[in-house]
Amino acid sequence: MAKIIVDENLINEVLNSRYIEAAFPSKDKIKALFLEGRRLSFYLGVDPTGPDIHLGHTTNLFLLKRIAELGHKIIILIGDFTARIGDPTDKESSRKALTEKEVKENMKTYLEQVQKVLPKKMFEVKHNSAWLKKMSFEDVIRLASKFTVQQMIARDMFQERIKKEKPIFIHEFLYPLMQGYDSVAMEVDGEVGGNDQTFNMLVGRDLSKEVLGKDKVVIATKLLEDPKTGKKLMNKSEGQYISLNDAPNDLFGKVMAMPDQSIIPVLSYATEVPDSRLAEVRKMLDGGENPKMAKEETAYELVKLYYGEKEAQKAKEGFGKVFSEGKTPDNIEEFQISEEVAPILEVLEGSGLANSRSEAKRLVDQKAVTINGEAVEDWGHEIKKGDILKVGSHRFLKIV
């Protein structure tokens, strides 16, 4: 078992990390908890609503890694039950319910992706179906009696739906209760999650206090957002994100394709570069240096983090050859189709060039997809064996 570290300077470093947005009840209270010297348990809940963990999730993992290094217990909770209901957070309409089969398919590689940031020995895994599936209707009613409709409907996204006369379904009120009950079932000391999950995490804090008499702490992390638009840079529901499963060249190219203003957020919250280097990059950009240099550094750092320095250098050189010199890569990745032709949307999604069918359609609409140099004009286009598929300026695929 890891030694519990109570060094005040190291604890301050964790609690003053650039990844943290807010702490409940306060950073001072959490610091005092760390200084007690007992082994604490913190958890991160992830709903497998899609097959990938993206850069937006890694902020939480970097913070959990630092907490684990202080000697504390980390739980990765797979929301295999809550994923079937769907979190209404930041949604203007209700989320489509997933089947048990879809959830199982989505979660197949989740832990492999988590381990790219958080070593396997640093955490244990739990699934919330273990307790939520066993609850009776009486249990649910008893749980629901602890919160009011006024508390639930005060949430911003519900208020937006009311203004726009969009429906709010009863089961959407139950989601925060289920997530909150996770804290009770596991009897944890703390929870880490994105600041868009603050409401749900505080429901868990309230339930822990009432049911267990335990003062669970909550650490809300910063979201990976476009500073100009305020929108999330990683959006699963819209199929726009960078996955930890993306190949080195794709990862590098996707970062280079992001808006210039996204450089600092990505470098800040999706990497572990030292604060001193981050300050230098900020100063360079503020001084008018070409953002391309900082973007290349960010892309390089990410590929190095997940695939090593050798692959990062290869990805950088490959991007330079394709983008700067306009050449076709020497070694084009191949994608096999079973028939002589295949629908373009199916190939885009199946090969990973698009994270979802909706993103594949968006790429076609934006005329970002070409076959043998000719732009694809419609979703129904078919691609055949031997064709060279190109998405954007740097992503190629040979159909075999």
Side-chain angles (χ1 to χ4, degrees), residues 21-22 24 45-50 52 54-57 59 79 81-99 102-103 106 140-141 143-182 193-207 218 220-241 258-259 261-262 265 269 345 349 354-366 379:
E21 174 77 18
F24 303 89
V46 187
D47 281 0
T49 54
D52 298 308
H54 57 60
L55 293 188
H57 294 126
T59 309
F81 189 92
T82 41
R84 295 176 61 190
I85 308 302
D87 183 1
T89 299
D90 291 338
K91 299 292 181 295
E92 288 195 359
S93 59
S94 61
R95 176 177 274 166
K96 176 182 173 289
L98 298 178
T99 65
E102 287 172 325
V103 170
N106 285 343
V140 175
I141 294 295
L143 191 61
S145 71
K146 299 184 185 301
F147 289 86
T148 67
V149 170
Q150 286 89 339
Q151 283 175 284
M152 294 298 177
I153 212 163
R155 300 183 74 182
D156 290 345
M157 78 282 187
F158 287 150
Q159 288 297 315
E160 283 298 311
R161 285 204 223 164
I162 290 170
K163 287 178 189 175
K164 295 177 181 179
E165 297 184 347
K166 292 188 174 182
I168 301 169
F169 294 90
I170 297 296
H171 76 278
E172 294 182 279
F173 285 164
L174 297 178
Y175 184 92
L177 294 178
M178 289 188 293
Q179 184 172 325
Y181 189 74
D182 290 340
N195 66 34
D196 60 338
Q197 292 293 313
T198 301
F199 181 92
N200 294 340
M201 292 191 290
L202 291 180
V203 167
R205 174 172 157 76
D206 290 342
L207 283 174
V218 168
T221 56
K222 294 183 179 178
L223 296 183
L224 204 53
E225 295 178 329
D226 185 319
K228 281 191 177 180
T229 65
K231 292 184 177 181
K232 290 181 184 179
L233 288 168
M234 304 290 132
N235 193 315
K236 268 190 182 183
S237 58
E238 293 180 14
Q240 298 178 48
Y241 60 87
M258 296 181 81
Q261 66 266 22
S262 67
Y269 311 134
L345 297 182
E349 185 181 17
N355 291 315
S356 65
R357 188 61 59 99
S358 59
E359 188 191 13
K361 289 178 178 179
R362 181 179 58 79
L363 290 169
V364 171
D365 289 342
Q366 292 175 347
W379 300 343

- [ ] Measure the spacing between CG of Leu207 and CZ of Phe147 and express it to the nearest 0.5 Å.
- [x] 4.0 Å

TODO: Can you see which heavy atom on Gln151 is nearest to which on Lys146, and at what distance?
DONE: OE1-O, 4.3 Å

- [ ] For the pair Lys232 and Asp226, find out whether any cationic side-chain nitrogen is under 4.0 Å from an anionic carboxylate oxygen.
- [x] no

Open item on the list: Does Ile170, at its CD1 atom, have more than 12 non-hydrogen atoms belonging to other residues, nucleotides or ligands within less than 6.0 Å?
Closed with: no

TODO: Determine the minimum heavy-atom distance between Gly79 and Asp47, stating which atoms define it.
DONE: CA-OD1, 3.3 Å

Open item on the list: Lys231: which residues meet the side chain to side chain donor-acceptor pair (under 3.5 Å) condition with it, sequence neighbours left out?
Closed with: none

Open item on the list: Restricting to side chain to side chain contact (heavy atoms under 4.5 Å, CB included), what partner residues turn up for Asp365, sequence neighbours left out?
Closed with: Trp379

Task: Distance, nearest 0.5 Å, that separates CG of Leu224 from OG1 of Thr59 - done: 6.0 Å

Task: Close side-chain approach of Phe24 and Leu202, heavy atoms under 4.5 Å - done: yes

TODO: Could you check Tyr269 against Leu223 for side-chain contact (heavy atoms from CB on, under 4.5 Å), going step by step and ending with a plain yes or no?
DONE: CA-CA 8 Å; Tyr269 311 134; Leu223 296 183; over 6 Å; no

Task: Spacing of CG belonging to Leu143 relative to CE belonging to Met178, to within rounding of 0.5 Å - done: 9.5 Å

Task: side-chain contact (heavy atoms from CB on, under 4.5 Å) assessment of Met152 paired with Leu177 - done: CA-CA 10 Å; Met152 294 298 177; Leu177 294 178; 3.9 Å; yes

Task: Residue list, salt bridge (charged side-chain N to carboxylate O under 4.0 Å, His left out) with Glu225, at least two apart or on another chain - done: none

Task: Side-chain donor-acceptor pair present, Asn200, Tyr175, cut-off under 3.5 Å - done: no

TODO: Hey, could you give me the CD1/CD1 distance between Ile168 and Ile153, rounded to the nearest 0.5 Å?
DONE: 5.0 Å

TODO: Tell me, with the steps shown, if Lys361 and Leu345 meet side-chain contact (heavy atoms from CB on, under 4.5 Å).
DONE: CA-CA 7 Å; Lys361 289 178 178 179; Leu345 297 182; 3.8 Å; yes

Task: Residues which pass side chain to side chain donor-acceptor pair (under 3.5 Å) with Thr221, listed by chain and number, not counting sequence neighbours - done: Asn60

Open item on the list: In terms of relative ring orientation, are His57 and His54 parallel, tilted or perpendicular, with 30° and 60° separating the classes?
Closed with: parallel

Task: Glu172 with Arg161: basic N within carboxylate O range, under 4.0 Å - done: yes

TODO: Work out which heavy atom in Val46 is nearest to a heavy atom in Pro48; give both atom names and the distance.
DONE: O-CD, 3.5 Å

Task: Partner residues of Glu21 under the side chain to side chain donor-acceptor pair (under 3.5 Å) criterion, sequence neighbours left out - done: none

TODO: Could you grab the distance from atom NE2 of His171 to atom CZ of Phe173, nearest 0.5 Å is fine?
DONE: 11.0 Å

TODO: Decide yes or no for Arg155 and Pro176: does some side-chain heavy atom of the first lie under 4.5 Å from some side-chain heavy atom of the second?
DONE: yes

Task: Spacing of CE belonging to Met234 relative to OG belonging to Ser262, to within rounding of 0.5 Å - done: 7.5 Å

Open item on the list: Among residues at least two apart in sequence or on other chains, which ones pass salt bridge (charged side-chain N to carboxylate O under 4.0 Å, His left out) with Lys163?
Closed with: Glu160

